[in-house]
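The structure appears below as structure tokens.
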There are 2 protein chains.
Amino acid sequence: MSGVNNKQEEATSKDYYFDSYAHFGIEMLKDKVRTLSYRKAIYQNEHLFKDKVVLDVGCGTGILSMFAAKAGARLVIGVDMSDIIDQAKIIVKDNHMDNKIILLKGKMEDIVLPVDKVDIIISEWMGYFLLYESMLDTVLIARDRYLKKDGLIFPDKATMYLAAIEDGEYKDEKINFWDNVYEFNMSHIKEIALREPLVDVVEAKALVTKPVILKKIDIYTVKKEELSFTVPFKLVSLRDDYIHAFISWFDIEFTACHKSIHFSTSPFAQYTHWKQTVFYLRDTLTINNGETVEGELSCSPNEKNPRDLNIKINYTFNGECMKSKGNLDYKMC
Amino acid sequence: MSGVNNKQEEATSKDYYFDSYAHFGIEMLKDKVRTLSYRKAIYQNEHLFKDKVVLDVGCGTGILSMFAAKAGARLVIGVDMSDIIDQAKIIVKDNHMDNKIILLKGKMEDIVLPVDKVDIIISEWMGYFLLYESMLDTVLIARDRYLKKDGLIFPDKATMYLAAIEDGEYKDEKINFWDNVYEFNMSHIKEIALREPLVDVVEAKALVTKPVILKKIDIYTVKKEELSFTVPFKLVSLRDDYIHAFISWFDIEFTACHKSIHFSTSPFAQYTHWKQTVFYLRDTLTINNGETVEGELSCSPNEKNPRDLNIKINYTFNGECMKSKGNLDYKMC
């Protein structure tokens, strides 16, 4: 059984090689779980948006700004530092919404908004492993500077999960591959590969343990410092199996809605472009039903390059078949 | 029928998001059509390699250098300007070949080789559409500066092909998608998307015309200036169908071998990581069996950024069902 596969990806658009606006935009926009969740959260809550001033942090092609304008917002301000905002300006005009939507190019820290405060912040800020190259920092700056007391944030809750998977076949392909490359030993590269989390689709049946919550983030109250964290975990095995990797994913909630809306990037839910994040272990754990793997995961921006993420996982396993300890440094960069 | 799909890709490794050495290396090395063709060309020709001095241009992980050393070369010099060569040095040492293989980091233009001349140049220099981000320029510099009279080049022939395909379903997904994005008009992005060649797997059955040769390149004699070119083409339809795109691919030959070895990146051949390159047309052509599309394709490095490729395709179609002219500017960047 291979836990990680890409069957579900066949339905998605990811084959532009060129890292262009068109490519970037299409992958995000074609992620219907993502885009329809935002649309639903906005369209089903016209009573919240009517005549309000809305700030769209990292507006990209402007789709969320247009959702908000269509839902009745008086003014939508979209901010993005990427060149894609030049295209978004044309799109907004083509859709006759330039009387309601203002797009500003630049960093949230530097930009001057045409209003003192906003009623609602909308943002699709989530990265791989939730926090990799995420724009959450920017959302927090916008929140602290511009959001009215009792203003709303869409979405406002994020929850990160951890579990362990059986993934022998894929680990052989991705990691052990380097042991014998056309009869040469490239195990030096294997060490590099092991430290790189893999973003890929994991099949639900690959999960050997129950998932546990790693971290809950409340966007109304979280502080930037809290995005560096160390959390303990305890994973309980659901069967006799092997463990080759830990995986992580996240759920997102819009609790400001009349009826809370949420979506999940879990292996049990529909495919999203965030897939899951896989952390291979050096050793394979032989685990019995009911046995536990305990440890802690820490996550923090790299000191030299804050866009990179350092993730450390320590674990201890004292099983009937074997005992093992691991101390793994991963880097998403 | 959808011409472009990614079914064949399932067998390949391309799901690292992080653009790392490990990822880069694995995609190339796991391309067995590529790597086994080089290995065959080298291992089956030990009589050519025995006691020779070999230069590996753009040696990457060092795999071709190790093939050449194992085939009996006296000295192999690998050159690469990427940091990956630091890993290659360790790999070569791990394989006890550091007495035969010297790896030099830097640009071919700047580097000082420990020999005046080499007997054989080996290089895997090919990019998408053969010439995009290719290292052929560097191979030509190495050839002119270091190759002995009557020295050998592996490979030494490249042939580029052109054909036209039916690809309605995928064009809708990739291009026409922008006409209506969650009920908004993003056709402005469509114009950008149309100008971006798409690197993807094309099914053989999607071909509506016979392929024609666009360009033959002889690595022994080609000059850098000849890599900017304008060539006429005439494509003859094999059936009544629609044409949504032109596609291009290339074949590679090692004619210095005792028995010529070649591989193809055509839709009729086994999957390679080069896939095919697709150029969508603005219009759909309704073509009958035996009718022709005539035109010319020109290709040249972008003046401002020579790593980018400008590709222009002009065509004229005078069919029974319709007449159409097109003048398309594509950019690979």
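To find a chain, count down the sequence lines: A is the first, B the second, and so on, and within it residues start at 1.
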Flag the one option from A:Ile90, A:Val92, A:Ile63, A:Asp94 with the top tally of heavy-atom pairs under 4.5 Å to chain B.
A:Ile90
Let me know if B:Asn95 has heavy atoms under 4.5 Å from chain A in its side chain, its backbone, both or neither.
side chain
Can you list everything that forms a salt bridge (Lys or Arg N to Asp or Glu O under 4.0 Å) with B:Glu46? Sequence neighbours excluded, please.
none
What's the spacing between B:Lys275 NZ and B:Ile247 CD1 if we round to 0.5 Å?
14.0 Å
Have a look at B:Phe49 and tell me which of B:Phe67, B:Phe154, B:Tyr43 forms a ring-ring contact (aromatic ring centres under 6.0 Å, His included) with it.
B:Phe154
Examine whether an atom of A:Phe177 lies under 4.5 Å from a heavy atom of chain B, and if so say whether it belongs to the side chain, the backbone or both; otherwise answer neither.
side chain
Partners meeting side chain to side chain contact (heavy atoms under 4.5 Å, CB included) with B:Lys32 (sequence neighbours left out)
A:Tyr182, B:Leu36
